[in-house]
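One structure is given below, encoded as structure tokens.
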Protein chains: 2
Amino acid sequence: MLIETDTSVSWRHEQDWGGQQPNHFVGATSTFTGTSRPLTLYEAGEEIFGPASRGQALFQVAFGVARVCSVLNDGRRTITAFHLPGEIFGFEPAGSPFRAEAVEGLGLRMLPLPRDRSLAGELQQVALSRLAAAQEHLLVVGRQTAIERIAAFLIDMGRRQKRSDVIDLPMPRCDIADYLALTPETVCRVFKQLRERHLIDFTSARRVTVRSQGALQALID
Amino acid sequence: MLIETDTSVSWRHEQDWGGQQPNHFVGATSTFTGTSRPLTLYEAGEEIFGPASRGQALFQVAFGVARVCSVLNDGRRTITAFHLPGEIFGFEPAGSPFRAEAVEGLGLRMLPLPRDRSLAGELQQVALSRLAAAQEHLLVVGRQTAIERIAAFLIDMGRRQKRSDVIDLPMPRCDIADYLALTPETVCRVFKQLRERHLIDFTSARRVTVRSQGALQALID
DNA sequence: CGGGAGATTGAGCCCCGTCAAAAACAGTGG
DNA sequence: CCACTGTTTTTGACGGGGCTCAATCTCCCG
């Protein structure tokens, strides 16, 4: 499962990816980006870690998207965060009920931790920014309307993709719904409403064109 | 504002507390509890830190309760966390939009951080547990019903107070509401409902007796 | 062309928010 | 001890935003 050489690749479930490693996103610049570690690949829906398995490593997205979620025993689910190329995740402490999964085809680089699990300075900052992100998301999920949540989501995705005009939504509607604490139906209806107001357009179900960034921003402040 | 000697106390807004430092809660045991640092006192509603002022220190609650919250410009508010005696908070990075305030009369001990803001091993674990708590709270706020949120809140408060039978609620209903992403009215109505079902009783508005811990627990799993 | 997953749309309803008022409570001063 | 005042809590009536259930449509991919 872990890989030895620099160029090797571990194929989980020995599936062929056809050689293409999608590169829709611009990786965030970070001191970790350069380190050319071996890739571990996951197919859509595959588990990266679960409540039981919590490794000694963090994960950096090379390509694709990962989701971190937790589920109630009756199936209700919350997606805590999506992680896009360049981003580092996996700070959830052992024993916490979270799972991480590949949303779509995903390549990860492992960042091993020291034996005592202590985080170096820069990783510590990343961990604290995850805390801030989770807390800010509480405000969105707890106190904003459906249209405000979608607007905030689009703006956030645009910012993280460094494209505010054309935004990829590389996850199904139900994942967006579970991230924003809505239903897939409501996500659809709000998208439709934004389209009818000429704030956005869809070139496909997974790709949005932002027509009026200002009006979108105005929805959330 | 900061204090020098071990026994001195800085009275913010030179208010007299009548000598009593309420001790309703059992402080969490931690290596930090013993360190007898000077207390800083806050009166109800007073700001501990805001988006602009983010110190080089963490805070440990000596007595009272603190809340961390963020507010939209139209007044909608979310309380991210309450902090009870013994608990350490203040990990929010500089520039994040959070405020911390005293819910009621509050005594804090400052834990200064090194110049580079790095966290020692144990503090790092606390920070990561804050991340896990925020993420678990996302599931509560996003996917659970009003009655489930209240039940989860009561159970959590009982656990943190190390009393599962009689639980103090040292904050007003509107704070509970903003913590659970409800309205004060709904909080009231759910309490009433739980009382009518004989799961809880109120000796006063701020003190609950749990009649059936099992039935309460059953509401959330 | 057929099959299946995801996306979209519609109809109806319910939980919880809104608005308003009453009641309980805590101080404060007489 | 009690009247007075402001705050918090509680209760009621009502409406709406988003959920549920179900059908249809679109898009892949074989």
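Quick note on labels: first sequence line is chain A, next is B, and so on, each numbered from 1. Since this is a predicted model, take the numbers as computed values, not measurements.
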| query | Name the one of B:Ile200, B:Leu199, B:Asp201 that satisfies side-chain contact (heavy atoms from CB on, under 4.5 Å) with B:Arg211? | reply | B:Asp201

Just so I know, are the side chains of [X] and [Y] near enough to count as touching, which here means a heavy-atom distance under 4.5 Å?
X        : Y        : result
B:Arg207 : B:Ile167 : no
A:Leu182 : A:Val190 : no
A:Leu131 : A:Phe91  : no
A:Leu41  : A:Phe63  : yes
B:Leu72  : A:Gln144 : yes

| said: Please classify the nucleic acid contact of A:Arg206 as base, sugar-phosphate, or nothing, using heavy-atom distances under 4.0 Å. | reply: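 Sugar-phosphate contact only.
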
| request: Could you tell me whether A:Thr145 contacts a base, only the sugar-phosphate backbone, or nothing, with contacts defined as non-hydrogen atoms closer than 4.0 Å? | output: sugar-phosphate

| note | chain A vs DNA chain D, heavy-atom contacts under 4.0 Å, first-to-last nucleotide span, 5' to 3', is D:dG18 to D:dA22

| said: Closer than 4.0 angstrom, basic N to acidic O: yes or no for A:Arg160 and A:Asp168? | reply: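 The answer is no: the pair does not qualify as a salt bridge.
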
| Do A:Arg149 and A:Asp156 sit within salt-bridge range, that is, some charged N less than 4.0 Å from a carboxylate O? | no

Minimum-distance pair of heavy atoms, taken over all atoms of [X] and [Y]:
X        : Y        : value
B:Phe98  : A:Gln135 : CZ-CB, 3.3 Å
B:Arg163 : B:Val166 : CB-O, 3.4 Å
B:Cys174 : B:Arg77  : O-NH2, 3.8 Å

| field | 5' to 3' contact window, DNA chain C with chain A (heavy-atom distance under 4.0 Å) | value |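 Endpoints of the contacted stretch of DNA chain C: C:dG6 to C:dA11.
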
| task | Take the C1' atoms of the five end pairs on each side of the helix from C:dC1-D:dG30 to C:dG30-D:dC1, get both axes, and report the angle to 10 degrees. | result | 40°

| By ring pair (Phe, Tyr, Trp, His ring centres under 6.0 Å), which residues pair with B:Phe191, not counting sequence neighbours? | B:Phe202

| task | Please list, by residue number, the residues of residues 171-191 of chain A whose heavy atoms come closer than 4.0 Å to an atom of DNA chain D; answer none if no residue qualifies. | result | A:Ala181, A:Leu182, A:Thr183, A:Glu185, A:Thr186, A:Arg189

| said: Once side chain to side chain donor-acceptor pair (under 3.5 Å) is applied, do any residues pair with A:Thr145, and if so which ones, sequence neighbours excluded? | reply: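 Partners of A:Thr145 under the side chain to side chain donor-acceptor pair (under 3.5 Å) test: A:Glu148.
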
